[in-house]
J.: 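Quick one: structure below, then a few questions.
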Amino acid sequence: MIQIAPSLLAADFANLGQQIQIVNDSVASMLHLDVMDGVFVPNISFGFPVIKAAARLSTKPLDVHLMVVEPEKWIDRVKDAGASIMNIHFEACRHLHRAVEAIHHAGMLPAVTLNPSTPVEMLRDIVADLHMVLLMSVDPGFGGQEFIPNTLNRIARLKELIAATGSRALIEVDGGINDTTGRQAASAGADILVAGSKVFHTPDPREAIGRLANL
């Protein structure tokens, strides 16, 4: 069974408690929160008040994905807000090793995200220190985009890199996930699928999560 991380960005924020409860009652492994600053990506989503609210309501670990410049500035606040996993972009972090160590020190699991055009080989010297690598399968910043097919090749190359370095990092994939692309990503070696629209924009989100988990 592949792990599913429903993306809160696609939820109905007028009924946030109800939406998170659906995830609580599902087979989802974690709740994915996309924080956007309007600088690193061309959109703004939500910040610490929403993360804190989600942490109070969720029985699942929070996977907080920072699509922001200088993510290392926010490590302590992300931890205080209730995150279990802190996910930072390779492209946004000047001193990646230092940031990963600081996330460890704060008591969170460190994850690094790669944009679609960033080679997975850029993580060769840090992947052994990571809990997870998130491969963006769309350009970050907006929900509802189509899955980039070359992501499948990137998953396979990352899988090889993880094995070659003795890393135990999990591979997470985010963007354009549906039954077809989710099955393809899982077959290529993905461990975790982030799904937003495919979960929250369906009549039965709980059933959608279960179906994705059993691809």
Side-chain angles (χ1 to χ4, degrees), residues 2-9 28-37 39-41 45-48 50-52 54-55 58 60-137 140-141 151 154-155 157-175 185 189-194:
I2 195 163
Q3 297 185 58
I4 305 300
S7 175
L8 194 67
L9 189 65
S29 298
M30 61 194 77
L31 183 63
H32 188 84
L33 283 74
D34 289 309
V35 179
M36 305 178 187
D37 64 356
V39 179
F40 180 68
V41 292
S45 58
F46 49 76
F48 295 110
V50 172
I51 299 173
K52 288 180 179 179
S58 178
K60 310 287 184 178
L62 299 189
D63 170 22
V64 178
H65 175 198
L66 267 65
M67 303 184 198
V68 306
V69 296
E70 298 181 307
E72 63 275 13
K73 291 168 54 176
W74 307 109
I75 291 172
D76 288 339
R77 290 197 61 186
V78 170
K79 170 62 177 178
D80 291 343
S84 297
I85 302 168
M86 183 170 172
N87 216 318
I88 59 176
H89 270 260
F90 171 87
E91 303 84 4
C93 198
R94 186 174 299 172
H95 302 291
L96 186 60
H97 182 269
R98 183 183 300 164
V100 167
E101 287 300 301
I103 293 170
H104 266 301
H105 184 71
M108 294 180 290
L109 297 171
V112 171
T113 303
L114 296 179
N115 282 342
S117 62
T118 302
V120 300
E121 290 78 12
M122 299 298 287
L123 295 182
R124 177 172 294 276
D125 293 324
I126 193 72
V127 71
D129 298 326
L130 302 179
H131 169 70
M132 183 166 71
V133 176
L134 170 56
L135 295 180
M136 293 300 301
S137 44
T151 304
R154 288 161 55 76
I155 296 170
R157 292 203 308 274
L158 179 57
K159 196 79 172 177
E160 292 174 359
L161 178 63
I162 288 170
T165 57
S167 172
R168 300 179 66 182
L170 300 173
I171 299 175
E172 184 176 41
V173 179
D174 182 3
D191 302 294
I192 306 165
L193 301 177
V194 178

J.: Once you round to the nearest 0.5 Å, how far does OG of Ser58 lie from CD1 of Ile51?
T.: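 Taking OG in Ser58 and CD1 in Ile51, the distance rounds to 12.5 Å.
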J.: Can you list the residues that meet the salt bridge (Lys or Arg N to Asp or Glu O under 4.0 Å) rule with Glu91, with sequence neighbours excluded?
T.: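 Glu91 satisfies salt bridge (Lys or Arg N to Asp or Glu O under 4.0 Å) with no other residue.
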J.: Tell me, with the steps shown, if Met86 and Val64 meet side-chain contact (heavy atoms from CB on, under 4.5 Å).
T.: CA-CA 5 Å; Met86 183 170 172; Val64 178; 5.7 Å; no
J.: Indicate the atoms forming the closest heavy-atom contact of Glu121 with Leu161, along with that distance.
T.: CA-CD2, 4.3 Å
J.: CG/Leu130 to CG/Leu123 distance, rounded to the nearest 0.5 angstrom?
T.: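 One gets 6.5 Å once the value is rounded to the nearest 0.5 Å.
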J.: Under the ring-ring contact (aromatic ring centres under 6.0 Å, His included) rule, collect the residues that match up with His32, sequence neighbours excluded.
T.: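 ring-ring contact (aromatic ring centres under 6.0 Å, His included) check on His32 returns His65.
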J.: In Å, rounded to the nearest 0.5 Å, how long is the span from OG of Ser167 to CD1 of Ile162?
T.: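 So the gap between those two atoms works out to 5.0 Å.
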J.: Quick one: side chains of residues 68-85, donor-acceptor pairs under 3.5 Å with protein atoms, not counting sequence neighbours, listed by atom name and distance.
T.:
none

J.: Ignoring hydrogens and angles, tell me if any N or O in the side chain of Thr118 forms a donor-acceptor pair with the backbone of Leu114 under 3.5 Å.
T.: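 No, because the side chain of Thr118 does not come within donor-acceptor range (under 3.5 Å) of the backbone of Leu114.
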J.: Would you say Ser45's side chain and Met36's backbone share a donor-acceptor pair under 3.5 angstrom?
T.: yes
J.: Any side-chain heavy-atom pair from Val133 and Leu158 closer than 4.5 angstrom?
T.: yes
J.: As an exercise, state the distance from CG of Asp63 to NZ of Lys60, rounded to the nearest 0.5 Å.
T.: 14.0 Å
J.: State which residues pass side-chain contact (heavy atoms from CB on, under 4.5 Å) with Thr151; sequence neighbours excluded, sorted by chain then number.
T.: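 Partners of Thr151 by the side-chain contact (heavy atoms from CB on, under 4.5 Å) criterion, ordered by chain and then number, come out as Ser137, Phe147, Ile148, Ile155, Val173.
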J.: With a 3.5 Å distance limit and no angle check, can you tell me whether Asp191 reaches the backbone of Ile171 through a side-chain donor-acceptor pair?
T.: yes
J.: For the backbone of Val39 and the side chain of Asp37, can you confirm whether one donor and one acceptor N or O come within less than 3.5 Å of each other?
T.: yes
J.: Could you tell me if the side chain of Val112 sits less than 4.5 Å from the side chain of Asn87, heavy atoms only?
T.: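 No, too far: nothing below the 4.5 Å cut-off.
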J.: Considering only residues two or more places apart or on different chains, which pairs with a residue in residues 161-175 satisfy salt bridge (Lys or Arg N to Asp or Glu O under 4.0 Å)?
T.: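 Pairs touching residues 161-175 that pass the test: none.
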J.: Would a 4.5 Å heavy-atom cut-off, applied to side chains only, mark Ile126 and Phe90 as touching?
T.: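 They are not in contact (no side-chain heavy atoms under 4.5 Å apart), so the answer is no.
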J.: Do Val35 and Phe48 have side-chain heavy atoms sitting under 4.5 Å apart?
T.: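 Result no, sub-4.5 Å side-chain heavy-atom pair not found.
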J.: As an exercise, state the distance from CE of Met132 to CD1 of Ile192, rounded to the nearest 0.5 Å.
T.: 5.0 Å
J.: Search all heavy atoms of Val127 against all heavy atoms of Arg124 and return the closest pair with its distance.
T.: CG1-O, 3.9 Å
J.: Taking Arg154 for the side chain and Pro116 for the main chain, is one N or O donor matched with an acceptor at less than 3.5 Å?
T.: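 It does hold such a pair.
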J.: Could you pull out all donor-acceptor pairs under 3.5 Å where a side-chain atom in residues 96-110 meets a protein atom, sequence neighbours excluded?
T.:
residue: His104; atom: NE2; partner: Asp129; partner atom: O; Å: 3.1

J.: How far does CG of Leu62 sit from CG of Leu31, to the nearest 0.5 angstrom?
T.: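 Output value for this atom pair is 6.0 Å.
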